[in-house]
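A short worksheet on the structure shown next.
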Amino acid sequence: MTELAPLPITSAARLLVLTGAGISAESGIATFRGSDGLWNGEDPAQVASRQGFRTDPTRAWRFYADLRRQALAARPNAAHRALAEAGRKLGPRMLLVTQNIDGLHTRAGSDPLEIHGSLFRTRCLGCARPAFPDKRTAIKAALACERCGGLLRPDVVWFGEELDPAHLRAIKDFIRHARHDRALLAFLAIGTSGAVWPANHFATWVREAHGVTWLANLEPPENAADFNWAFYGLATVSVPILLAGANGTPSLA
Ligand code: BJW
Ligand code: ZN
């Protein structure tokens, strides 16, 4: 546990940020794991898997319609806003990656890599039409494609499914370029349990590239040992303070 103070982000630094469900908890969106979690009493392998979806697509669509309602009723909080502000100041020197599908970073003004997809896009299992924006919440039964009659699914990434290779490439390139430019590479993980591959390995990738790793979480995550510094508390309190130094002013001369 480290005392809360602005992170030393210099004008030459590259900042990679990873967020998880914990950052949206104070916006009123339930996290996945834990006693009040979305999956409390549910088997994640059933809820968030292609097999679970195929077994009962109507149940799955009702689950996601409910999540859409929750996300639409929620508003970005101070942590989402602080990241958007840091992104404006640091420009291409910051990369925001989120595991969240709730769209709150985008609504706060960021343009994140949504590595687990989006709750507000749908795609077809039956035809090659591209994923399309979809905010429908009045869903009583599994949705069928208007073009081919096939089963529609939310454009999210379930267990056992590959992440978009372009997203992984962008993250690895960001790390590689920082090393190549000899810039200070910093990684900040916010509100994530460190339970899910590959996001739970980003800290290792950064350390292999000689970067420093910071964590802002409520409780120690599964990969706590991969962080140089840890701040335990609410994201709406810690993140605005931690990012207060992200103004392009050199502070690590
Ligand atoms: C706060 C806070 C506050 C709270 N302030 N903090 C064996 C078999 C098959 C697969 C695997 C296997 N072993 C490993 C795998 C790979 C698998 C995996 O990692 N499984 C593990 C669970 C074991 N990963 C995958 O399958 C990934 N794909 C992949 O690897 O492809 C290659 C491959 C294919 C096949 C086999 C092997 C490899 C895909 C992962 C996709 C994850 N998808 C989900 C569902 C999205 C759609 C949906 O919502 O339904 O993404 S799972 C779920 O977990 C969701 C989240 O993005 C993700 C991470 O959750 P997160 O964000 O960490 O949330 P929580 O709730 O867990 O934690 C919240 C944290 O916040 C807590 O720590 C709190 O303390 C904190 N907190 N309030 C600050 N106010
Ligand atoms: Zn179709």
Side-chain angles (χ1 to χ4, degrees), residues 19-25 27-34 36-77 80 96-168 170 191-193 195-199:
T19 65
I23 197 169
S24 296
S27 291
I29 300 183
T31 59
F32 290 92
R33 297 164 183 86
D36 294 331
L38 269 176
W39 289 343
N40 187 21
E42 302 260 16
D43 175 5
Q46 282 304 309
V47 181
S49 75
R50 194 177 288 216
Q51 194 198 342
F53 180 73
R54 291 271 192 197
T55 306
D56 193 346
T58 289
R59 173 171 171 256
W61 266 116
R62 287 193 182 142
F63 174 80
Y64 286 102
D66 192 48
L67 279 190
R68 281 183 181 173
R69 275 190 288 273
Q70 277 188 45
L72 289 170
R75 292 173 52 196
N77 63 44
H80 297 105
L96 175 59
V97 179
T98 188
Q99 298 167 90
N100 299 345
I101 60 174
D102 58 32
L104 288 183
H105 282 302
T106 306
R107 283 169 56 198
S110 294
D111 183 17
L113 284 186
E114 294 177 312
I115 59 172
H116 291 168
S118 170
L119 194 46
F120 298 107
R121 271 194 323 263
T122 295
R123 63 188 166 91
C124 180
L125 287 171
C127 70
R129 77 190 275 198
F132 56 92
D134 186 1
K135 286 193 174 160
R136 284 174 286 181
T137 55
I139 298 173
K140 302 239 175 328
L143 298 177
C145 176
E146 307 80 29
R147 298 199 187 164
C148 76
L151 187 58
L152 292 177
R153 60 162 283 180
D155 192 22
V156 298
V157 182
W158 286 318
F159 287 121
E161 294 186 318
E162 297 284 347
L163 278 66
D164 182 343
H167 286 169
L168 288 177
T192 177
S193 57
V196 176
W197 164 266

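None of the values given here were measured: they were computed from a predicted structure.
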Discussion item. For Phe120, is there any backbone N or O sitting under 3.5 Å from a side-chain donor or acceptor partner on Arg68?
Written reply: no

Worksheet item: So Asp56 and Phe63, side-chain contact (heavy atoms from CB on, under 4.5 Å) or not? Walk me through it.
Response: CA-CA 11 Å; Asp56 193 346; Phe63 174 80; over 6 Å; no

Worksheet entry | Residue pair Cys127 / Cys145: nearest heavy atoms and the distance that separates them | SG-SG, 4.0 Å

Response to the item:
Nearest heavy-atom approach of Phe53 to Ala60 is CD1-CB, 3.5 Å

Item to complete: Any chance you could lay out the side-chain contact (heavy atoms from CB on, under 4.5 Å) test for Phe32 and Gln99, step after step, and finish with the verdict?
Response: CA-CA 12 Å; Phe32 290 92; Gln99 298 167 90; over 6 Å; no

Worksheet item: Does a sphere of radius 6.0 Å around CZ in Arg54 hold more than 12 heavy atoms from other residues, nucleotides or ligands, not counting ones at 6.0 Å or beyond?
Response: no

Discussion item. Quick check for you: to the nearest 0.5 Å, what is the distance between Ile23 atom CD1 and Asp102 atom CG?
Written reply: 9.5 Å

Discussion item. Please check: side-chain N/O of Arg107 versus main-chain N/O of Ala74, any donor-acceptor pairing under 3.5 Å?
Written reply: yes

Fill in: Nearest-0.5 Å distance, CZ of residue Arg75 to CD1 of residue Ile29
13.0 Å

Worksheet entry | Separation between CD1 of Ile139 and OH of Tyr64, rounded to the nearest 0.5 Å | 12.0 Å

Item to complete: Mind listing the closest non-hydrogen atom pair of Thr106 and Pro112 along with its distance?
Response: OG1-CD, 3.7 Å

Discussion item. Between Arg153 (side chain only) and Leu125 (backbone N and O only), is there a donor and an acceptor less than 3.5 Å apart?
Written reply: no

Practice prompt. Specify the closest pair of heavy atoms between Asn77 and Ser27, including all atoms of both residues, with the distance to one decimal.
Written response: ND2-OG, 3.1 Å

Discussion item. Nearest 0.5 Å, please: how far is CG in Asn100 from CD1 in Ile115?
Written reply: 9.5 Å

Worksheet entry | Thr19 and His80: CA distance, side-chain angles, deciding distance, side-chain contact (heavy atoms from CB on, under 4.5 Å) verdict | CA-CA 10 Å; Thr19 65; His80 297 105; over 6 Å; no

Worksheet item: Just by modelled atom types, is the Glu114 backbone N or O under 3.5 Å from a matching donor or acceptor in the Thr98 side chain?
Response: no

Fill in: Minimal non-hydrogen separation, Gly28 against Gln70, with atom names
O-OE1, 4.1 Å

Discussion item. On a heavy-atom basis, which atom in Ser24 and which in Leu104 lie closest, and how many Å separate them?
Written reply: OG-CD1, 3.7 Å

Worksheet item: Is there a donor-acceptor contact under 3.5 Å from the side chain of Arg62 to the main chain of Lys140?
Response: yes

Worksheet item: For the side chain of Asp134 and the backbone of Arg136, is there at least one donor-acceptor N/O pair under 3.5 Å apart?
Response: yes

Discussion item. Please check this pair: side chain of Arg147 against backbone of Gly150, looking for a donor-acceptor N/O pair closer than 3.5 Å.
Written reply: no

Worksheet item: Taking the side chain as C-beta and beyond, is there a heavy-atom pair between Glu162 and Leu168 under 4.5 Å?
Response: no

Worksheet item: Can Phe132 and Asp155 be said to form a side-chain contact (heavy atoms from CB on, under 4.5 Å), step by step?
Response: CA-CA 9 Å; Phe132 56 92; Asp155 192 22; over 6 Å; no

